[in-house]
**Student:** 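This is the structure, below, for whatever I ask next.
Everything numeric here is computed off the predicted structure, so don't read it as measured data. This chain uses plain numbering: 1 for the first residue, then up along the sequence.
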Amino acid sequence: MKRIYAVLKYLVLAVVLIWTIFPIYWMFSLAIRDNEEMMGMVSLLPHSFTLVHIQELFTEKGVGMAIINSLEVAAASLVIALLCGIPCAYIFSRKRIKYRMRTPMMGWVLLIRVLPPIAFAIPLYTMMNYLGLIGTKIPIILSHILLNMPFIIWFLISFFAGTPVDIEESARVDGAGNWIVFSKIILPLVAPGIAAVAILSFMTSWNEYLYGVIFVQDPQEFTIPLVLSTMNSEQELTQWGTVAAGGVMSLIPIIIFVIFAQDYLISGLSGGAVKE
């Protein structure tokens, strides 16, 4: 009976794994095939190899500039959101705000997180238009901060709340100030949480489409989602190889960032502070 259960378990896991990985494999497979091979019945394995589709992305579609724009927007919004969100999460977790102020402030943070992004589109556009910032990257960066910072705060509150308060008290007894306690003792303990929320926030900013459509007007300022959306027109939709290559190119920076962040996550799990 146990053997049958084990076989069924691994069979289900194999089906789920194939179901998850196959779309990614198929996208890579279409990106390296000749157009002639994609006419009619398409085989599971590619019988040709070409980089023409990827070359077209950089020479005709402007994907190279779009990747740079997306990296600038995602990196800037992530850094600012982390710099603001991490201290806020620490303050909320330690209850250093009076209860009458803490409850409505946390309620506002949660409200911003649960409301759909379209709810902020008109107010943000009105503000940015009044300031003359429409057509620049600043409105997109600010809107991504609005999306990510509430998530960072709510995600990290539990991590900060799980760190022992005794470590802070003993460090203060030894003469450490608030900044030393926060930066040298508390942050290393919550490094896994920071790495995880950084991955999720970066992916949110990288894939965000709505605010890009609203605020970006110059094609030179297009991000990756905007460029990929222009490839879904009636004229481009039959260019399976080019569309698939665009999806591949949009995945590569995410994969690189996740690999780097996973290394940091592992080091954070083993590099916490130990006080004897």
Side-chain angles (χ1 to χ4, degrees), residues 1-51 53-54 57 67 70 74 78 113-114 116 147-148 151-152 154-163 188-209 224-225 228-229 231-232 237-272 274:
M1 187 65 181
K2 291 183 179 180
R3 184 173 299 177
I4 296 175
Y5 175 76
V7 171
L8 290 176
K9 180 177 68 174
Y10 286 114
L11 181 62
V12 171
L13 290 176
V15 171
V16 173
L17 184 63
I18 294 173
W19 180 269
T20 304
I21 295 179
F22 182 77
I24 301 176
Y25 160 76
W26 193 246
M27 182 173 61
F28 275 89
S29 174
L30 294 178
I32 60 174
R33 301 185 193 217
D34 290 330
N35 287 328
E36 291 77 11
E37 187 181 348
M38 288 182 282
M39 301 297 178
M41 295 295 295
V42 182
S43 60
L44 186 62
L45 297 175
H47 298 295
S48 60
F49 179 80
T50 180
L51 297 177
H53 306 305
I54 296 177
L57 293 177
I67 291 176
S70 292
L78 175 61
R113 178 60 187 169
V114 299
L147 291 177
N148 288 327
F151 173 68
I152 291 172
W154 277 97
F155 190 91
L156 292 180
I157 282 177
S158 59
F159 280 86
F160 282 117
T163 57
L189 294 177
V190 299
I194 295 175
V197 79
I199 295 173
L200 298 175
S201 298
F202 182 87
M203 294 176 63
T204 299
S205 182
W206 181 267
N207 296 320
E208 202 282 322
Y209 173 76
I224 278 289
L228 294 180
S229 67
M231 298 167 58
N232 290 327
L237 195 57
T238 56
Q239 302 297 321
W240 306 113
T242 306
V243 176
V248 171
M249 295 308 300
S250 68
L251 279 179
I252 291 177
I254 286 287
I255 294 174
I256 295 174
F257 180 80
V258 169
I259 292 174
F260 173 78
Q262 281 184 338
D263 293 339
Y264 178 72
L265 178 60
I266 294 173
S267 65
L269 286 170
S270 59
V274 178

**Student:** Examine distances only and state if a side-chain atom of His53 and a backbone atom of Arg33 form a donor-acceptor pair shorter than 3.5 Å.
**Tutor:** yes
**Student:** Mind listing the closest non-hydrogen atom pair of Ile32 and Pro46 along with its distance?
**Tutor:** CD1-CG, 4.3 Å
**Student:** Please check: side-chain N/O of Trp26 versus main-chain N/O of Leu44, any donor-acceptor pairing under 3.5 Å?
**Tutor:** no
**Student:** Quick check: closest heavy atoms across Gly247 and Leu228, and the distance to 0.1 Å?
**Tutor:** N-CD2, 4.2 Å
**Student:** Assess the residue pair Met27 and Leu251 against the criterion (side-chain contact (heavy atoms from CB on, under 4.5 Å)); give the C-alpha distance rounded to whole Å, side-chain angles, the decisive distance to 0.1 Å, and a yes or no.
**Tutor:** CA-CA 11 Å; Met27 182 173 61; Leu251 279 179; 3.1 Å; yes
**Student:** How close do Met249 and Leu57 get, heavy atom to heavy atom, and via which atoms?
**Tutor:** CG-CD1, 3.6 Å
**Student:** Does Val197 offer a backbone N or O that forms a donor-acceptor pair with the side chain of Ser201 under 3.5 Å?
**Tutor:** yes
**Student:** Do you know the tightest heavy-atom contact between Ile224 and Ser70?
**Tutor:** N-OG, 2.8 Å
**Student:** Just wondering, do Val190 and Leu156 contact through their side chains at under 4.5 Å, heavy atoms?
**Tutor:** no
**Student:** Return a table of donor-acceptor pairs under 3.5 angstrom between the side chains of residues 9-21 and protein atoms on other chains or two or more places apart.
**Tutor:**
from, atom 1, to, atom 2, distance (Å)
Thr20, OG1, Val16, O, 2.8

**Student:** First locate atom CG of Leu200, then atom CZ of Phe155, and finally report the distance between them rounded to the nearest 0.5 Å.
**Tutor:** 6.0 Å
**Student:** Please round to the nearest 0.5 Å and tell me the distance separating atom CD1 of Ile199 and atom OG1 of Thr204.
**Tutor:** 11.5 Å
**Student:** Looking at every heavy atom in both Trp206 and Ala74, which two are closest together, and how far apart are they?
**Tutor:** N-CB, 4.4 Å
**Student:** With rounding to the nearest 0.5 angstrom, report the CD1 to OG1 distance, Ile54 to Thr242.
**Tutor:** 10.0 Å
**Student:** Please examine the side chains of Ser205 and Leu78, heavy atoms only from C-beta on, and report whether any two atoms are closer than 4.5 Å.
**Tutor:** no
**Student:** I'd like to check the side-chain contact (heavy atoms from CB on, under 4.5 Å) partners of Leu8; sequence neighbours left out, ordered by chain and number.
**Tutor:** Ile4
